[in-house]
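Below is one structure; the comments refer to it alone.
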Amino acid sequence: MGNSNNKTILFAASEAFPFAKSGGLADVMHSLPKALSKEYRTSVIIPLYQFIDKKKYGISSLGENTHVIMGKNDYFIELYGCQYEGVDYYFVYSPSLSDRPFMYGPPEEGYEDNAHRFALFCQAIIQLLKQKHFDLLHLNDWQSAMSALFVKEESSIDTKVVYTIHNMAYQGIFNKDTLDQLGLHHDYFTPERLEFYGDINFMKSGIAYADGITTVSPSYCGEILSPEFGNGLDGFLQFHSSKLKGILNGLDDDHFSPQKDMLLEKRYGPKKLKDKYINKKLYFRSIGFNDPEKPLFIFIGRFTWQKGIDILVDALNEMAQMPISISILGEGDLKYRQKLAKVALKHKNISLFFGYDESVSHKMYAAADFLLMPSLFEPCGLNQMIAMKYGAIPIVHGVGGLKDTVSPLEKFDAKADIGYGIVSKKKSAEALATSVQKAVSLFDDKKKLNRIILHNMNVDFSSRKSAERYSELYTELLQNSP
Ligand code: GLC
């Protein structure tokens with residue numbers, strides 16, 4: 001792939017598809033560097049978790065064993081690498097970072113030494129920057145945020161830094177002693193720097209020290225400046241708001257397209273919409289459901305309060321009494337798994353799948369008529385865009401990225417380049433059940449239904465659009481460099 005300029009960008013994050021994925025961050029770390037690789041030489045660095053399949057992806061040691069010093073200790077690190085779809089991937093191996101069954105900890109729990117693990121990851125990024133020049137370092141979420149400060153401390157490194165916030169609810173907050181473990185001077189323990197209500201906050205490093213800050217949708221960008229969505233950092237963000245921009249995420253067109261999707265037994269597109277029904281029948285057979293004529297509602301996501309799982313659990317009983325089928329895929333808190341299992345036991349039209357499986361999720365989008373996504377807040381959200389591409393209508397709350405990608409059906413305009421779905425302002429189980437009722441009526445009006453589905457399938461949700469916006473930001477920042 002030819003790059004039209006010779007600038008180099010290094011993305012850093014705690015996960016990237018297809019190597020390690022727990023959520024949308026991983027998808028963005030796949031699609032964005034790939035989309036930008038037409039213009040830049042792009043690389044991505046993530047930890048080398050023990051479950052990453054080195055053989056499958058041809059990941060090998062770069063022969064660069066090195067060590068980093070943090071606090072009083074010296075830590076062994078080894079860099080690995082591979083190429084994937086035109087992007088260079090780097091992987092950091094270090095025993096305490098890598099030799100664990102999970103990325104962050106067992107479901108809904110973090111490992112106790114995560115501050116140390118991810119600070120080590122951030123130091124490994126600095127080691128790479130010392131060996132190899134990158135024009136710009138693009139950090140994502142709290143796990144890589146500390147690199148922003150480390151870069152500014154290293155006078156030998158000349159790189160611009162962009163920091164992207166994918167979710168304000170996860171900031172990387174640890175107790176004050178972490179400062180010594182990380183070998184950071186106590187001068188950093190001030191409210192303008194890393195201090196946060198007596199603790200230290202990794203995200204603050206990204207916000208305070210990056211040259212540019214972005215978040216993943218324009219609406220969320222406005223929301224996080226208010227106490228309701230700022231999770232205690234709204235004031236701090238307001239102070240740094242001249243550096244802040246909202247850039248909507250996009251999807252990788254090759255991976256999320258019903259025409260090209262190799263995970264589907266029957267591919268289809270807007271011109272062959274009938275074939276979507278074949279996918280529905282196949283999916284129904286695989287989970288032992290009858291009645292593919294009835295609308296299928298799916299939920300895919302982590303079982304956390306952010307995703308509106310409480311609302312879903314409370315609405316399920318009423319929903320299950322409607323003439324519909326419901327299929328749920330996800331993982332998370334035992335509390336939620338138990339609640340879901342209890343309702344599902346009572347109703348034959350609810351199927352549950354605990355765990356995460358990329359292939360099952362694609363088959364579900366292809367089979368679905370509606371996507372349930374009652375998130376209480378949503379920085380961007382990719383599921384609603386995937387659903388629309390696959391011809392399933394999203395049912396959402398008008399917040400964050402959902403607001404920017406899904407317009408209410410009542411405002412349908414065939415010419416607008418935005419998707420349409422069932423949007424509710426109220427966030428409650430009753431409101432969700434009402435939305436589902438609306439969906440059932442829409443399902444009976446086949447002419448209207450098809451018009452909306454076809455419109456949504458043709459909307460451009462590709463990461464090319466976000467790549468253009470990031471490219472503008474990089475150009476602006478790189479122009480100001482000496
Ligand atoms: C986080 C957010 C989600 C966003 C994703 C990728 O998972 O919760 O809204 O789409 O990051 O940016």
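All residue numbers refer to positions in the sequence shown, counting from 1. For ligands, and for the atoms within them, numbers begin at 1 and follow the listed sequence. Remember, predicted model here, so these are calculated numbers, not experimental data.
Within the 4.0 Å heavy-atom cutoff, Arg302 counts among the residues contacting ligand 1. For the pair Gly401 and ligand 1, no heavy-atom separation below 4.0 Å is found.
Aromatic ring pairs are classed by plane angle as parallel below 30°, tilted from 30° to 60° and perpendicular above 60°; the pair Phe377 and Trp305 is tilted.
Annotation for Phe412: atom CZ counts as buried by contact number, over 12 foreign heavy atoms lying within 6.0 Å.
Here the heavy atom of the protein found nearest to atom 9 (O) of ligand 1 is Glu378 OE2, 2.5 Å.
Using modelled atom types, one side-chain atom of Gln171 and one backbone atom of Met168 make a donor-acceptor pair closer than 3.5 Å.
Note: no N/O pair closer than 3.5 Å links Lys307 and ligand 1 by distance alone. The distance criterion of under 3.5 Å between nitrogen or oxygen atoms is met by Cys380 with respect to ligand 1.
Near His166, meaning under 4.0 Å from one of its heavy atoms, ligand 1 places the atoms 1 (C), 2 (C), 6 (C), 8 (O), 11 (O), 12 (O). Atom numbering of ligand 1 starts at 1 in the shown order; those under 4.0 Å from a heavy atom of Gly381 are 3 (C), 4 (C), 9 (O), 10 (O). Close contacts between ligand 1 and Val216 involve ligand atoms 12 (O) [criterion: under 4.0 Å to a heavy atom]. Of all atoms in ligand 1, listed by their number and element, those nearer than 4.0 Å to a heavy atom of Asn249 are 6 (C), 10 (O), 12 (O).
Side-chain atoms of Thr405 and Gln384 include a donor-acceptor pair closer than 3.5 Å.
Applying the salt bridge (Lys or Arg N to Asp or Glu O under 4.0 Å) test to Asp253 and every residue at least two apart in sequence or in another chain returns Arg464.
If you look at Leu25 next to ligand 1, the close heavy atoms, those under 4.0 Å, all belong to the backbone.
A cation-pi arrangement is not found for Arg337 relative to Phe303, the charged atom failing to lie both closer than 6.0 Å to the ring centre and inside a 45° cone about the ring normal. At least one test fails for Lys204 against the ring of Phe202: distance under 6.0 Å to the centre or angle within 45° of the axis.
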